[in-house]
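Order of the sequence lines sets the chain letters (A, B, ...), proteins ahead of strands, with each chain counted from 1. All values below come from the heavy atoms of this structure, side chains included, with hydrogens, waters and symmetry mates left out.
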2 protein chains.
Amino acid sequence: MNVVHKYGGTSVATIEKIQAVADRIAELKKAGNNVAVVCSAMGKTTDKLIEMAKAVGGDRNKREFDSLLSTGEQTTCALMAMALQARGVPAVSLTGGQSGFITDTIHSHATIRKINGERINQVVASGAVPVITGFQGVTADGDITTLGRGGSDTTAVAVAATLGWDCEIYTDVDGVYTIDPRRCPKAKKLDTITCDEMMELAAMGAGVLETRSVELAKKYGVNLYLGRSLEKDLTKGTHIVEKYFEAAVVTGIGVIDDCSMLSIKCEFGGDTVSRLFSSIAEMNINVDMISHQLDDKTAILSFSCSAESALEIMERMPDEHFTVNNGLAKLSLVGAGMATHSGVAAKALSTLYENGIPHYQITTSEISISITVDKDHLQKACDALAKAFDLCEE
Amino acid sequence: MNVVHKYGGTSVATIEKIQAVADRIAELKKAGNNVAVVCSAMGKTTDKLIEMAKAVGGDRNKREFDSLLSTGEQTTCALMAMALQARGVPAVSLTGGQSGFITDTIHSHATIRKINGERINQVVASGAVPVITGFQGVTADGDITTLGRGGSDTTAVAVAATLGWDCEIYTDVDGVYTIDPRRCPKAKKLDTITCDEMMELAAMGAGVLETRSVELAKKYGVNLYLGRSLEKDLTKGTHIVEKYFEAAVVTGIGVIDDCSMLSIKCEFGGDTVSRLFSSIAEMNINVDMISHQLDDKTAILSFSCSAESALEIMERMPDEHFTVNNGLAKLSLVGAGMATHSGVAAKALSTLYENGIPHYQITTSEISISITVDKDHLQKACDALAKAFDLCEE
């Protein structure tokens, strides 16, 4: 087996945890597998570094901020390599630069431009375990960059893509759930989920895997797995696959628990809509659930966004006549099989109706249906839909 | 003024101390000076990292150990650069690699092979302050190395040599003293000392400046100064110069407070001495105060070393008949003017005689006279010689 393991901050938070991971990796290596490890910074290290940066008034200088933060991963990886060697397993720690991760110059959320796999491959060929810092790379000029949210997962998938290996992301939850277990404690753990479904859920705030790393896995055909740190039984976690043999109708539900809806009437064929979106783009605001409908010669445009964004848009465009609904919530039913099943929308809307929950907007994509409801109805809607689509344990 | 400032661990131990140094540097820069800063790791950071390495059983892997330790300096420099920018002073932190410090591959005590000054000069030319990590460099393959004891001072002098600037080393003592003030509390602080004298004293354990950095300063003609952190009055510290206009006879006294003397008789013209030193070299033992004298057809060879080394030599060469004296101490009177003053030896030996202190060995160099005495007499010898040569305040 050839595999890249990624361990997040909680999984390497103490010397004891590092040792436990080293035991696991050593076990795999001695059984004849090829292993590479990607590590995050230990536990609360990143938070502490951010505190220190704020204390010197410098958290705004992105180049220095990246140089500061990158010490966290570098420390973990050096210690992990040492722990592996203490167990008789040759190991070499590699920073982003040493791993050949060349990025653009956008500090704090850099994009990987290319990976020079030479050093990593050399280490593997020598029989050693590469222990690679997550979350970082270097610019062509040698300045350290960090990759933004979920950066360590991105590193892990990128390493797997470079080596042509599988990728296993280890964290402090069992796997991906149909619905956030903090919202629905009986939510089922998914054995499999497609890349596209995962990306929809991640965009909705499902924190376990960032869209970006899943997108990379899909693009480079990396077999991706998410599971609890140190759990050896891979049926216990979630395999993220390109597609199912036969798709589930609804795999899961993503939730955004607070948003606003803005609506505006405009002339059919007029320029209101294009002006509006140009202004919104200049304000750097993200909007969602864009919906445009004709009513005779009048068009109605609506979209959802955060409450703060809604305020800002209305303040900056006082001449437009907006209608605003605050205190909404958005549910997205996600399922790769939805493309061939038209009954999902019907079933979802009937379920809401039967539970006395009115809906505001409906939008759809290839594999999702999103509906906005009043915040106060959110939990009830969630529970009702989870039951209707068999997403919870009994 | 063009100057490199170096701040050791105590001087940057906390955020407040970093801020205080940043205030000082900003003041200098705004007054129109060119400044570069070299920083050590904050306070006890290096000790903590070493502890963590030991805890994972890996402090023996030198490559990983260097990668781990280097995070200390990297952290301080990123924070210092941020603090300077918060004061309106453009600043760029640079790791050993980014500063162009290319070393050999001897981890833990690497030697600088060359410095590519391009990046540092670029930063200076842009009007910014380079904030450079002390104690580290990279190999030609990009592996991080550390430079050994006094490494940050070495970095500072090397940067000054590269830029053609002065170098000021800031620490937690006022300057260089004639004798270690912990031994002689009334020892005078030297306004000036030559490179050669400083190297003699450093070899004797005078901790403030390592031989290596002074040697570099001498080789590249760098004006070197040592003083207390944040002290602006440069008459308060010690200037390390190439030579004096007129040299002091005795500038200071270095002390090694425990050593052993081994003596052996041998045939004149025989091979005992060469065999002996070959064996000692193989054992990797340092010996000192080598003395060889003829007594008719018999020669006597003696030398001093640590008590453990003496034991080891006698155990490994059981067929040789050594005489050993343990519990000795060595005093070295150091002075650039000694080359032209033959009375120093006379004065030193009379002083010891008048104080009832017998001596074992005497050896001399161009600028020093070393004498071994019984440990028990050390303090008395020190005080008497300090008084005789006017090295203490009244």
Side-chain angles (χ1 to χ4, degrees), chain A residues 14-16 18-19 21-22 41-42 45 48-49 51-88 90-95 97-100 118-119 122 131 133 138 141-144, chain B residues 14-16 18-19 21-22 41-42 45 48-49 51-88 90-95 97-100 118-119 122 131 133 138 141-144:
Chain A
T14 62
I15 293 292
E16 292 69 30
I18 290 178
Q19 306 252 49
V21 170
M42 290 170 72
T45 301
K48 283 186 201 149
L49 290 169
E51 248 182 69
M52 289 207 286
K54 288 192 168 143
V56 294
D59 51 309
R60 261 170 283 162
N61 183 283
K62 296 188 168 184
R63 179 196 182 273
E64 299 306 332
F65 201 54
D66 279 358
S67 191
L68 181 70
L69 292 196
S70 69
T71 60
E73 288 79 30
Q74 189 172 324
T75 298
T76 316
C77 288
L79 290 169
M80 183 67 75
M82 289 177 184
L84 285 167
Q85 287 160 8
R87 286 155 178 73
V92 178
S93 75
L94 299 171
T95 61
Q98 291 168 339
S99 309
E118 206 179 296
R119 187 78 196 264
Q122 206 182 61
V131 185
T133 53
V138 290
D141 294 330
D143 281 355
I144 299 165
Chain B
T14 63
I15 293 291
E16 291 70 31
I18 289 177
Q19 306 250 50
V21 169
M42 291 169 73
T45 302
K48 283 187 199 146
L49 290 169
E51 248 181 69
M52 289 207 285
K54 287 189 168 144
V56 293
D59 50 311
R60 259 169 285 162
N61 183 282
K62 296 187 169 187
R63 179 195 181 273
E64 301 304 334
F65 201 54
D66 279 357
S67 192
L68 181 70
L69 292 196
S70 70
T71 60
E73 288 78 30
Q74 190 173 324
T75 298
T76 316
C77 288
L79 290 169
M80 183 67 75
M82 289 177 184
L84 285 167
Q85 287 160 7
R87 286 154 178 74
V92 178
S93 76
L94 298 171
T95 60
Q98 291 167 339
S99 309
E118 209 181 293
R119 186 80 196 263
Q122 207 183 59
V131 185
T133 53
V138 289
D141 293 330
D143 281 355
I144 299 164

So, are A/K62 and A/D143 salt-bridged, with charged N and O less than 4.0 Å apart? no

When rounded to the nearest 0.5 Å, the distance separating CZ of B/R119 from OG1 of B/T95 is 9.0 Å

Note: A/E64 and A/N61 closest approach over all heavy atoms is N-OD1, 2.9 Å

Applying a strict 4.5 Å limit to non-hydrogen atoms, the region of A/D66 in contact with chain B is neither

The side-chain contact (heavy atoms from CB on, under 4.5 Å) partners of A/S70 (sequence neighbours excluded) come to A/Q136, A/I144, B/Q74

The interface call for A/V92 against chain B, heavy-atom contacts under 4.5 Å, is both

If you tally heavy-atom pairs under 4.5 Å between each of A/S67, A/A81, A/G97, A/A86 and chain B, the highest tally belongs to A/S67

Most contact-rich option vs chain A, by heavy-atom pairs under 4.5 angstrom, among B/E16, B/M80, B/Q98, is B/Q98

Bottom line for A/A22: the part with an atom under 4.5 Å from chain B's heavy atoms is neither

Ranked by heavy-atom pairs below 4.5 Å to chain B, first place among A/S93, A/A83, A/G142, A/A78 goes to A/S93

Quick note, salt bridge (Lys or Arg N to Asp or Glu O under 4.0 Å) partners involving residues 69-88 of chain B, not counting sequence neighbours, are B/D23-B/R87

